[in-house]
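Just follow the structure's listing: the first ligand is 1, and inside any ligand the first atom is 1. Worth saying up front: this structure is predicted, and the values here are computed from it rather than measured.
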Amino acid sequence: MELVHLTDLHFGCEDKAALTAVEKFVDQRKPDAVIVTGDISRDGLASELENACAWMRALAAPVMLTPGNHDVPYYEPLGRLLYPWRRIRRAQHGLIVDAWHTEHWSIAPVNTARAWQIRLNWAQGEISRGQTALAAAELQKAAPGALRIVITHHPLDWPNDAPIKGVTRGGVSALRKLADAGAQLFLSGHLHFASTRLFETKALSIVSGTLSQRVRHEPCAFTVLRRPAPHTIEAEVVHIVQGVCETASVRQFRLGGGASPGAPAELHARVE
Ligand SMILES: [Fe+2]
């Protein structure tokens, strides 16, 4: 099983060379699926959302999408209020947007973006108890042995070393509840910064980099996920430098259930 995780494409200020490199990568590797965790546009314009979805549909793999905070009409107060999700819903035809169950994986998408909020920074995310319960219920439908994945735009647990500070409301408690409900892998974006952390050896939390010109401290990047053994997840961070994909690191993590007593949770890491 091989999945490619992309995020923060930001059509409108996309990095065209990075997108071309991803197209080639997917074409050559033929992953089982591509997962995109939102911020596919810059300003939530219909043209940006249409172009982003058309690009995703043209990839040589099935694509699953969940939206981000930039995918609402960003600078249009009326649009945010009256029709925040209309444009992306029109654009996303042909992409997988609901929970996805196969014999190999169950993926529960959760929209953590909000069109408006009772706080100053509307860019930040939130996950409600209702959304958490729905995602947990989806994970219960997983086939035996299927990898249970939750995808969100905002990281539920914000890494301390992230280049931007923030908090996802309800995120930490949702992370715990979903891990208790069997979630093994959390995929998110928003930070434009790659991060991989274990949550109590129960689950792996992965944030991937951006494919836009809005890079923060590191080049455009994405993540490739493999499952070499039932309780092991391998995460390969790929950087795109001058239009060329380069493996930046490959790390393997063993999740609870497969670890022998005293075994390190992180099996080994390779930095290239
Ligand atoms: Fe974002």
Side-chain angles (χ1 to χ4, degrees), residues 5-15 18-19 22 34-49 51-53 55-56 63-77 79-80 84-85 87-89 91-92 95 97 109-128 131 150-172 174-175 186-197 205-223 237 240:
H5 176 219
L6 312 177
T7 192
D8 297 77
L9 284 57
H10 287 294
F11 271 68
C13 60
E14 74 275 24
D15 185 317
L19 293 178
V22 170
V34 172
I35 298 167
V36 183
T37 50
D39 274 6
I40 61 170
S41 85
R42 182 184 62 184
D43 297 333
L45 302 180
S47 56
E48 293 170 355
L49 294 161
N51 289 340
C53 290
W55 181 83
M56 287 184 259
V63 178
M64 183 170 191
L65 170 68
T66 194
N69 54 295
H70 277 267
D71 300 329
V72 297
Y74 209 72
Y75 296 108
E76 302 166 56
R80 279 182 176 263
W85 305 111
R87 291 175 186 166
I88 191 168
R89 281 188 185 136
Q92 69 194 11
L95 306 174
V97 295
V110 181
N111 183 0
T112 52
R114 296 292 182 264
W116 59 274
Q117 302 180 55
I118 307 177
R119 63 171 158 175
L120 283 178
N121 189 347
W122 292 0
Q124 296 200 18
E126 178 177 332
I127 180 167
S128 69
Q131 288 179 303
V150 175
I151 63 170
T152 57
H153 175 62
H154 300 84
L156 295 181
D157 54 335
W158 208 283
N160 290 333
D161 57 346
I164 52 171
K165 300 297 169 205
V167 65
T168 301
R169 273 194 183 148
V172 173
L175 181 77
F186 293 85
L187 301 178
S188 64
H190 187 65
L191 305 179
H192 299 199
F193 173 75
S195 164
T196 305
R197 286 154 304 133
S205 180
I206 290 183
V207 183
S208 289
T210 184
L211 297 176
S212 75
Q213 297 172 37
R214 301 172 65 171
V215 290
R216 295 186 185 121
H217 304 311
E218 59 187 26
C220 288
F222 62 94
T223 311
V237 175
I240 306 169

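The N, O or S atom of H190 lying closest to the Fe ion (ligand 1) is ND1. The atom of D39 nearest to the Fe ion (ligand 1) is OD2, with the search restricted to N, O or S atoms. As for H153, its N/O/S atom nearest the Fe ion (ligand 1) is the one called NE2.
Below 30°, between 30° and 60°, or above 60°: for H153 and H190 the angle between ring planes is above 60°, a perpendicular geometry.
R119 has no carboxylate O lying under 4.0 Å from a charged side-chain N of E126, or vice versa, which leaves the two without a salt bridge.
No hydrogens or angles considered: nothing links the side chains of S208 and T7 as a donor-acceptor pair under 3.5 Å.
The backbone N or O of S212 lies less than 3.5 Å from no partner atom in the side chain of E14, so there is not a single donor-acceptor pair.
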